[in-house]
Amino acid sequence: MKKFVIEREKLAENARLIQKKAGVPVIAVLKADGYGFGMAQMAQVLAETGIRMFAVTEPEDALRLRELGFAEQEILVMRSTALADEVYQVIQANAIATVGSPEAAYCLNEVAQGCGTQARAHLKLDTGMGRYGFLPDQYGELKAVCTDCAGIRVTGIYTHFHSAFADEAATRAQYKTLCEIAARLRADGIDCGLRHAANSSGLFCYDDLTLDAVRIGSAFTGRIPAKTPTGLNRLGYLESRVIELRTVPKGHTVGYGAGYVTPGATRIAVVPVGYTDGFSVEKKRDLYRLRDVVRYNIGEIKNGLGRGAIYITVNGQRARVLGHVGLCHVSVDVTGLDVKNGDTAILDVNPLYLSPLVPKEYV
Ligand SMILES: *Cc1c(COP(=O)(O)O)cnc(C)c1O
């Protein structure tokens, strides 16, 4: 038995805190199945807190949100695409396209006109992310989308911060570029609508980058890199049970590679959760800064030496994982703790790496 538990009220609290802090409309980013929390349920809770605009990366997700009954909300598809079938889905979903290149604009314009409609689009600027977006020196092409494409109605312009959590100078430079281009369009008589840049770290690490809207994803889950406390609830935990208790003598080895040797008689609880479920697999992938990589690797070395440790919670008490995490099991030290078979075990898992086989339960 295992399940990933998500507390609805904690998510709603986060959503309310974010909207209050932003003070401008919040575009709720639901990519990657709502950051692993389930797009449909997350959208439902967020809509109930007053969120009126969603963003996804996949055109299919925009269609799915409509099928789920989210008819009132605006949906921004953040992936600029020059593929006609994808653009067609965006239009079918009555979503807002992202236009990040002349090719994407051309494609959207053609398909929209073919459908006898005018597609709404937000322009995307590449100010350093290097994936979607017009480069700042493509001003002429950018302007042409607004003036020459009868099948496109531009209702917004945005860019994406690459280092809001770490590099203030770079973030402010990206912000400035967006503002300058929007102002230049305005001076040329073009109102490109909603300007937005801030992601979760952009909102929580700075007070003045909110513009006309913010695009927030990970902050809803309470899992963002920020130096100061955010007041957000950390959302979601993996729940399982103790299925076996045993005591092994001093000098006994635990786990593959005999990675742990007991220093004395040790009471072990077995919990049937392992890295197949996503437990203890993610850390390295979350690291962007050299100092974090160094810290992580030192931790790994300590782990290899039998120091450094992973803890889970068993019957409300902290218990250390012994040896290497297995594919389907962990062994934890419950020596001296009040633990019996069937007791609840709580494990911290990054839901982005949670196995899709583990059911999610909103409570
Ligand atoms: C993922 C994403 C966001 C949300 O980022 P968070 O840091 O999770 O809030 C915003 N904008 C774009 C373009 C994204 O890809």
Side-chain angles (χ1 to χ4, degrees), residues 11 14-15 17-19 21-22 24-39 42-43 46 49 51 53-59 61-62 65 74-81 90 95-101 104 121-134 155-168 170-171 174-175 177-178 194-206 209-228 230-236 282 285-289 350-353:
L11 172 57
N14 286 351
L17 188 149
I18 288 163
Q19 290 176 87
K21 179 152 179 59
V24 292
V26 173
I27 304 170
V29 178
L30 296 172
K31 66 189 177 195
D33 196 26
Y35 289 70
F37 287 85
M39 181 178 77
M42 206 161 158
L46 296 180
T49 68
I51 299 275
M53 190 160 171
F54 297 136
V56 294
T57 53
E58 300 307 304
D61 286 347
L65 284 168
E74 298 280 19
I75 303 175
L76 171 67
V77 175
M78 300 188 296
R79 189 147 72 53
S80 176
T81 174
V90 175
I96 301 167
T98 289
V99 168
S101 69
H122 285 196
L123 299 170
K124 179 80 183 278
L125 276 185
D126 178 2
T127 56
M129 192 63 181
R131 47 182 194 205
Y132 314 110
F134 290 85
T155 57
I157 184 165
Y158 72 108
T159 194
H160 191 41
F161 295 145
H162 53 73
S163 308
F165 51 90
D167 188 338
E168 175 165 1
T171 304
Q174 288 188 273
Y175 175 83
T177 304
L178 172 69
L194 216 58
R195 298 163 304 159
H196 47 106
N199 54 359
S200 294
S201 335
L203 175 63
F204 278 89
C205 302
Y206 309 83
L209 304 184
T210 49
L211 285 173
D212 306 323
V214 293
R215 299 185 312 277
I216 301 300
S218 47
F220 288 119
T221 76
R223 296 166 182 252
I224 63 166
K227 284 164 211 131
T228 47
T230 58
L232 294 164
N233 301 309
R234 188 182 167 82
L235 204 64
E282 88 282 16
R285 296 164 65 174
D286 272 350
L287 304 178
Y288 297 104
R289 293 174 296 188
N350 184 335
L352 284 172
Y353 310 123

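Both ligands and their constituent atoms are indexed starting at 1 by order of listing.
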- Query: Relative to each other, are the rings of His122 and Tyr158 parallel, tilted or perpendicular (30° and 60° limits)?
  - Reply: perpendicular
- Closest non-hydrogen atom pair, Leu209 against Ala198: O-CB, 3.7 Å
- Protein contact to atom 12 (C) of ligand 1 [nearest heavy atom, distance to 0.1 Å]: His160 CE1, 3.3 Å
- Task: Indicate yes or no: does an N/O atom of Tyr158 lie under 3.5 Å from an N/O atom of ligand 1?
- Result: no
- Item | Donor-acceptor contact present, side-chain Arg79 to main-chain Pro59, <3.5 Å | no
- So the atoms of ligand 1 within less than 4.0 Å of a heavy atom of Ser218 turn out to be 6 (P), 7 (O), 8 (O), 9 (O)
- Message: Only heavy atoms of Tyr35, strictly under 4.0 Å: list the atoms of ligand 1 that pass.
- Response: 1 (C), 4 (C), 5 (O), 6 (P), 8 (O)
- Without swapping roles, check the side chain of Asn199 against the backbone of Ile216 for a donor-acceptor pair under 3.5 Å. no
- Message: For a quick check under 3.5 Å, do Thr159 and Thr127 share a side-chain donor-acceptor pair by atom type?
- Response: yes
- Task: Could you check atom 9 (O) of ligand 1 against the protein and tell me its nearest heavy-atom contact, residue, atom and distance included?
- Result: Ser200 OG, 2.5 Å
- How far apart are the closest heavy atoms of Leu232 and Ala219, and which atoms are they? CD1-O, 3.5 Å
- Looking only at protein heavy atoms, what sits closest to atom 1 (C) of ligand 1 is Lys31 NZ, 1.4 Å
- Ligand-residue contact atoms, ligand 1 with Ile216, heavy atoms, under 4.0 Å: 9 (O)
- Output the list of atoms in ligand 1 that are nearer than 4.0 Å to some heavy atom of Arg131, sorted by atom number. 15 (O)
- Nearest to atom 11 (N) of ligand 1, what protein heavy atom do you find, and at what distance? Arg215 NE, 2.8 Å
- Hey, mind stepping through Asp61 and Phe54 against side-chain contact (heavy atoms from CB on, under 4.5 Å) and telling me if it holds? CA-CA 10 Å; Asp61 286 347; Phe54 297 136; over 6 Å; no
- Going by distance only, is there an N or O of Met78 that falls short of 3.5 Å from an N or O of ligand 1? no
